[in-house]
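Each remark here refers to the structure printed beneath this line.
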2 protein chains.
Amino acid sequence: MPYETASVSERRTLPPAVAVSTVAFALNPPDGALIGEAAASPDAGADARITLWLPLVRRTRAPFLGRWALPGGPTRWDETLADTALRTLHAAVRRDPGYLEQLYSFGGVERSAEAQRLVTIAYWALYGERELLASPLPAAGTAERGQDRGRARRWDDPEPAETAAESGDRPGTQGATAPGDPDPNVAWFSADRLPELAFDHAEIVAYALARLRSKTEYEAVAHRFLGPVFTLGRLRAVTEAVLGETVDPANFRRQALAQGHLVDTGETETGTRHRPARLYRFREDPPTRPPGHPGRPAAPHDPAPRSAV
Amino acid sequence: MPYETASVSERRTLPPAVAVSTVAFALNPPDGALIGEAAASPDAGADARITLWLPLVRRTRAPFLGRWALPGGPTRWDETLADTALRTLHAAVRRDPGYLEQLYSFGGVERSAEAQRLVTIAYWALYGERELLASPLPAAGTAERGQDRGRARRWDDPEPAETAAESGDRPGTQGATAPGDPDPNVAWFSADRLPELAFDHAEIVAYALARLRSKTEYEAVAHRFLGPVFTLGRLRAVTEAVLGETVDPANFRRQALAQGHLVDTGETETGTRHRPARLYRFREDPPTRPPGHPGRPAAPHDPAPRSAV
DNA sequence: AGAATAGTGTCTTTTAGACAGTATAGG
DNA sequence: CCTATACTGTCTAAAAGACACTATTCT
């Protein structure tokens with residue numbers, strides 16, 4: 001095992017470690033999840049405006065011991081970078097996101113001062129209501145992700161560990177917490193009020209936020225925060241929350257429908273104290289539009305290898 | 001040196017190697033550079049239309065021995081990813097590009113079947129006329145890039161080598177070629193007619209081309225192909241070459257000037273057989289526009305950590 | 001009725017694009 | 001003169017945005 005036995009000075013000559021970190025947004029923390037900082041329950045706050053939340057993981061190792069960090073970890077030899085993002089995200093959140101896209105790669109030499117060089121490929125992800133409502137806690141002993149089991153080494157044994165709670169495996173498997181209890185080293189924070197983050201993760205979060213906003217402006221992503229069916233009013237509320245500004249309902253409706261992605265389900269909302277709204281579903285490929293419209297002229301920047309999970 | 005002595009099976013347990021590959025575009029190959037494939041001189045072709053060129057490096061090692069590949073190589077422990085791109089690009093082209101931006105990271109497990117895992121961070125770059133006209137060949141013995149000298153190992157000694165000619169150091173330093181001769185393992189190809197490339201580099205080139213095109217549409221980059229001053233006609237010709245379609249001269253002029261980036265130098269072109277055109281210079285930050293225009297609403301996708309060299 | 005949001009219609013402003021027409025160099 | 005490109009003016013179509021107005025539910 002040459003890697004583990006190398007001294008710190010020898011590690012300087014080793015190839016850099018490759019890790020993946022993910023900024024995962026959701027409109028609300030999932031039920032039962034720990035809430036960071038403000039300590040108030042998500043709905044208890046005086047203002048009912050929608051805000052973005054994201055999960056963080058507390059580091060249990062140096063450097064940045066005790067600090068909050070993005071979920072992530074090193075990539076394994078037989079898994080793609082996206083797979084690493086999904087695996088480490090699932091280890092922290094216990095759910096798979098509805099959307100995942102590569103963000104940027106950070107490889108500055110200042111990232112790990114004395115230890116081995118660390119290159120981080122950052123991803124960003126979205127959790128929709130569908131994903132967050134799914135039952136998060138499988139019965140004890142159920143191996144839902146086989147490759148998570150039976151590995152001998154914790155990934156953060158060597159010095160340049162990134163986050164921490166990936167070490168937690170499934171709650172209960174290590175006996176540290178009772179089955180069903182949330183991992184105490186994972187909590188959700190409002191994107192507005194994040195704690196001090198480890199490494200350069202604050203920069204990564206800021207970049208992911210900018211990416212989410214810009215993508216919301218020219219491409220349909222807001223619907224991924226919601227469930228399979230939704231009203232236009234809800235979609236607009238999400239868009240406003242992401243963009244941080246109000247949007248004219250009439251114009252928003254026209255633009256959204258003109259995209260061709262929204263399919264009227266024929267059903268309507270019930271139980272509101274106002275006129276019930278139509279429910280729409282999202283269709284991936286817009287129908288062929290009337291001749292003369294060659295469809296969207298391709299997004300300004302479409303990352304080629306993208307994956308909608 | 002645990003890394004070099006590890007067996008192939010042991011390498012499977014090692015962290016992946018990190019390499020950088022760069023797609024570098026230019027309007028023409030630099031003077032004295034080898035021309036790939038078509039073998040004709042760049043101007044000899046019947047059609048004088050502008051096309052894009054990019055440098056490739058022939059591999060001198062397995063896998064893909066003899067195939068052309070993107071310039072690149074592994075990152076060193078004390079250099080940033082962008083630095084690696086610049087260093088390896090300079091090793092192949094002998095010039096620094098005028099623009100460099102990260103493109104995407106490729107880490108698929110199929111990239112290196114049996115050998116150590118390889119993660120490649122792809123960059124794309126632009127060479128302008130200014131950069132290509134610069135004298136490419138320093139006098140023998142001149143150490144213009146100190147850290148390139150005196151290193152003991154060739155980077156591609158271990159198996160998962162990426163490209164090859166980075167090994168060539170400076171022509172003449174290894175005695176293989178006479179000083180002043182171009183490296184025979186480096187050649188420029190028209191982006192239209194590329195040879196079969198090693199690894200998944202064809203995909204990377206396609207992605208870089210798409211990125212160049214989309215960025216040309218919503219942001220000013222075409223000027224980076226040109227020298228410090230240029231006419232609007234030339235800028236339009238470059239834009240047309242990149243986009244692959246003609247652009248109305250009148251409308252292009254208005255849009256280009258409305259961006260606020262172009263400064264009229266007051267001088268004009270001479271020696272043309274038509275009305276002389278005004279010469280413009282590019283200014284990075286547009287002047288404050290009349291109130292009410294809050295400037296561009298930020299590009300659809302602006303990679304945060306970008307570097308204009 | 002009143003509150004609240006859904007949904008439609010329409011007008012104005014802005015932007016993109018087509019294209020005619022004038023300007024100025026060299027041959 | 002002609003040719004070729006530079007540059008200007010103007011009209012049209014499309015898109016974005018502001019905003020009035022109607023519709024339908026619950027309380």
Side-chain angles (χ1 to χ4, degrees), chain A residues 48-50 216-220 226 229-241 243 245-260 262-280 286 289-300, chain B residues 48-50 216-219 226 229-241 243 245-260 262-280 289-300:
Chain A
R49 283 178 316 176
I50 300 177
T216 300
E217 280 176 348
Y218 68 86
E219 206 176 302
L226 303 172
V229 297
F230 46 86
T231 68
L232 279 171
R234 192 111 171 78
L235 187 65
R236 180 175 52 85
V238 174
T239 302
E240 289 177 338
L243 298 184
E245 59 190 16
T246 63
V247 175
D248 182 277
N251 296 330
F252 177 83
R253 158 177 300 271
R254 260 186 297 266
Q255 281 188 228
L257 292 177
Q259 299 267 80
L262 299 185
V263 183
D264 190 337
T265 63
E267 298 168 13
T268 58
E269 220 181 7
T270 60
T272 64
R273 68 189 206 192
H274 53 77
R275 175 174 173 178
R278 281 204 269 266
L279 289 170
Y280 290 86
R289 286 201 277 172
H293 296 77
R296 287 176 310 151
Chain B
R49 282 179 316 175
I50 299 177
T216 300
E217 281 177 346
Y218 68 85
E219 206 175 303
L226 303 172
V229 296
F230 48 85
T231 69
L232 278 171
R234 193 110 172 79
L235 187 65
R236 180 175 53 84
V238 174
T239 302
E240 289 177 339
L243 298 183
E245 58 189 16
T246 62
V247 175
D248 182 278
N251 296 332
F252 177 83
R253 159 179 298 274
R254 260 187 296 267
Q255 280 188 231
L257 293 178
Q259 299 268 82
L262 300 185
V263 183
D264 190 337
T265 64
E267 297 170 13
T268 59
E269 221 181 4
T270 59
T272 65
R273 68 190 206 191
H274 54 76
R275 174 174 172 178
R278 281 204 268 267
L279 289 170
Y280 291 86
R289 286 201 277 171
H293 295 77
R296 289 175 309 150

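Each chain gets a letter, A, B and so on, in the order its sequence line appears, and its residues count up from 1. Just so it is clear, the model here is predicted, and its values are computed rather than measured.
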side-chain contact (heavy atoms from CB on, under 4.5 Å) between B:Phe230 and B:Leu262, worked out = CA-CA 10 Å; B:Phe230 48 85; B:Leu262 300 185; 3.9 Å; yes
ask   = Just how far, in rounded Å, is P of C:dA20 from CG of B:Asp248?
value = 11 Å
inquiry  = Walk me through whether B:Leu279 and B:Thr268 qualify under side-chain contact (heavy atoms from CB on, under 4.5 Å).
reply    = CA-CA 5 Å; B:Leu279 289 170; B:Thr268 59; 5.7 Å; no
ask   = Taking all atoms of both residues into account, what is the closest heavy-atom pair of B:Val247 and B:Glu240, and its distance?
value = N-OE2, 2.8 Å
query = Among D:dA18, C:dA6, D:dA4, which is the nearest nucleotide to the side chain of A:Asn251?
reply = D:dA18
request  = To the nearest Å, give me how far apart CD (B:Gln255) and C1' (D:dC7) are.
outcome  = 16 Å
ask   = Counting just side-chain N and O atoms, does B:Arg236 come under 4.0 Å of either OP1 or OP2 of D:dA6?
value = yes
request  = Just compare C:dG9, D:dT8, D:dT25 and give me whichever is closest to any side-chain atom of A:Pro276.
outcome  = D:dT25
key: Spacing of A:Tyr218 atom OH relative to D:dA16 atom P, expressed in whole Å   = 16 Å
key: Out of D:dA16, D:dT8, D:dT5, whichever nucleotide has its closest atom nearest the side chain of B:Arg253   = D:dT8
remark   = Rounded to whole Å, the CG-P distance (B:Leu257 to C:dT15) equals 15 Å
inquiry  = Between B:Glu269 and A:Thr272, which residue's closest nucleotide on DNA chain D lies nearer the 5′ terminus?
reply    = B:Glu269
inquiry  = Without decimals, in angstroms, what is the distance between A:Glu245 CD and D:dA18 P?
reply    = 10 Å
Side chain of B:Arg273 (C-beta onward), nearest among D:dA16, D:dA4, C:dG9 = D:dA4
task = Verify the contact: side-chain N or O of B:Arg254 to OP1 or OP2 of D:dT10, cut-off strictly under 4.0 Å; return yes or no.
result = no
request  = Name the closest nucleotide to the B:Arg278 side chain, picking from D:dG9, C:dA6, D:dC7.
outcome  = D:dC7
note = Rounded to whole Å, CZ of B:Phe252 lies from P of D:dT5 at a distance of 16 Å
message = I want to verify a distance call: between C:dT5, D:dT5, D:dC19, whose nearest atom is closest to the B:His274 side chain?
response = D:dT5
inquiry  = My understanding is that only one of A:Leu226, A:Leu243, A:Thr216 makes a side chain to side chain contact (heavy atoms under 4.5 Å, CB included) with A:Val238; could you say which?
reply    = A:Leu226
Within-4.5 Å side-chain heavy-atom neighbours: A:Arg234 and A:Ile50 = yes
query = Any side-chain N or O of B:Arg275 less than 4.0 Å from the OP1 or OP2 oxygen of C:dA23?
reply = no
